[in-house]
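Heavy-atom basis, side chains included; hydrogens, waters and symmetry copies ignored. Every chain is numbered from 1 and lettered A, B, ... according to where its sequence line falls, protein lines coming before strand lines.
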There are 2 protein chains.
Amino acid sequence: MKLSTRSRYGLRAMLELALAYGTKPMQIRMIAEKQDISNKYLEQLIAIMRASGLVRSIRGPKGGYLLSKPPAEIKLSEIFTTLEGPMVAVDCLEHPEYCPRCADCVTRSIWADIQDAMMGVLEATTLQDLADKASSGADSADYRI
Amino acid sequence: MKLSTRSRYGLRAMLELALAYGTKPMQIRMIAEKQDISNKYLEQLIAIMRASGLVRSIRGPKGGYLLSKPPAEIKLSEIFTTLEGPMVAVDCLEHPEYCPRCADCVTRSIWADIQDAMMGVLEATTLQDLADKASSGADSADYRI
DNA sequence: ATATAAACTACCATTGTACTAGGAATTTAG
DNA sequence: CTAAATTCCTAGTACAATGGTAGTTTATAT
């Protein structure tokens, strides 16, 4: 099981915006360069996050993107579910009617446990937490994967 | 993010074998019928688990499949990683050399946390645990998803 | 022998991933 | 007013994974 580039690139881009928060808008090109991500591809990922309201944009020269709220108010779970889709391991977690025996299905409860475990981590961490860690260690906002 | 049918079908098949453990071999057709899974597709999934040593097979009439060890000794993590591949959220968790800044990469540590959270659940549960739960509740080894 | 069942091999349609390409719309600076 | 910078939008594309189907071969209990 692998995370797609969507969440990986997306989180890195958001962290970049978090580090620039309160200064000036940051352009796609700048983010893509710093993070070594395809310009055009990142454009699409950010569009998804703009649609969900996580970031806002300013057009024209000197434009770019900004977090739409302070990093401390953005939980990683928001970013993750925006990019990766609703984090449901199996459909019957959301739609119990799909399966006549959901109530006492033992495999279902395992998938639910897994999902809760993952979301627990993502709910407990904000962009601010990441930004703090990143700026404490050298210039470590700089990674490849 | 979704689990593939591989782990879902696979776990259900293994649970079926766990419930039959100690009696007689169970045929693919029987499992597929009980669980409403495509016969031929399940054949492939079980082949993977046979290759990994989780089940053994007996050919010919009255043949079928058996768990190769008692259900209490089979952790869900074994089944999961067999079917879903090594559960690494991102490559640099396994290959730190991919990224020059792994040591202080803050996003990497998040993926590591998520992975640990998931594996925690899967490591803590055995097929026996599931079988116990399943046989306590009516005939609830019977689900669709 | 024969029927049963696994084992193996090959194919296929659909979807998702990770991009690339090109241009249109908007805004700022000069 | 114009030119440049930037976002916004739509489309296409190569590749791999997913979720199967189909047919043949091999082993074995009776």
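- Here dG19(D) presents its C1' atom at 13 Å from CG of Leu42(B), a figure rounded to the nearest Å.
- We find that CD of Gln35(A) is positioned 16 Å from P of dA18(C), with the value rounded to whole Å.
- For the helix from dA1(C)-dT30(D) to dG30(C)-dC1(D), the end axes, each set by the C1' atoms of five terminal pairs, are bent relative to each other by 10° (nearest 10°).
- Contact annotation for Ile28(B): backbone-only contact, meaning every heavy-atom pair under 4.0 Å involves sugar-phosphate atoms and none involves a base.
- A side-chain N or O of Glu84(A) and one of Ser4(A) form a donor-acceptor pair less than 3.5 Å apart.
- Atoms CG (Leu45(B)) and P (dA6(C)) sit 14 Å apart, rounded to a whole Å.
- Per the geometry, NZ belonging to Lys40(A) stands 7 Å off C1' belonging to dG22(C), to the nearest Å.
- Comparing Ala47(A) and Gln44(A), the nucleotide of DNA chain D nearest to each residue sits closer to the 5' end for Ala47(A).
- dC8(D) atom P lies 13 Å from atom CG of Asn39(A), rounded to whole Å.
- Using a distance-only test at 3.5 Å, with no hydrogens or angles considered, a donor-acceptor pair links the side chain of Ser38(B) to the main chain of Tyr41(B).
- Heavy-atom distances under 4.0 Å link DNA chain C to Arg59(A), Gly60(A), Pro61(A) of residues 49-64 of chain A, given in residue order.
- Between the P atom of dT7(D) and the CZ atom of Arg29(A) lies a distance of 8 Å, rounded to the nearest Å.
- With respect to Lys75(B) and Glu78(B), no salt bridge is recorded, no charged nitrogen being found less than 4.0 Å from a carboxylate O.
- One hydrophobic cluster, built from ILVMFWY side chains closer than 4.5 Å, cannot hold both Met30(B) and Leu66(B); they sit in different ones.
- The Ser4(B) side chain lies nearest to dG19(D) when the options are dC8(D), dG19(D), dC8(C).
- Following rounding to the nearest Å, Ile48(A) (CD1) and dC19(C) (C1') show an atom-to-atom distance of 13 Å.
- Contact record, Met118(A) with Ala117(B): N-CB, 4.5 Å, taken as the closest heavy-atom pair.
- Atom CG in Leu83(B) sits about 14 Å away from atom C1' in dG19(D), given to the nearest Å.
- Of the options Leu15(A), Ile37(A), Leu17(A), a side-chain contact (heavy atoms from CB on, under 4.5 Å) to Ile31(A) is made by Leu17(A) and by none of the others.
- Residue Ser38(B) has a polar side-chain atom (N or O) positioned under 4.0 Å from OP1 or OP2 of dT21(D).
- Here the rule is side-chain contact (heavy atoms from CB on, under 4.5 Å) with Lys34(A), and of Arg29(A), Arg12(A), Glu16(A) only Glu16(A) fits it.
- Phosphate contact (OP1/OP2 of dT17(C), side-chain N/O of Tyr9(A), threshold under 4.0 Å): absent.
- Close to dT13(D), at under 4.0 Å from its OP1 or OP2, lies no side-chain N or O of Tyr41(A).
- A donor and an acceptor atom sit less than 3.5 Å apart, one in the side chain of Glu43(A) and one in the base of dC9(D).
- Linking Ile, Leu, Val, Met, Phe, Trp and Tyr residues whenever their side-chain heavy atoms come within less than 4.5 Å places Val55(A) and Tyr21(A) in a single cluster.
- Ring orientation note: the planes of Trp111(A) and Phe80(B) are tilted relative to one another, at an angle of 30° to 60°.
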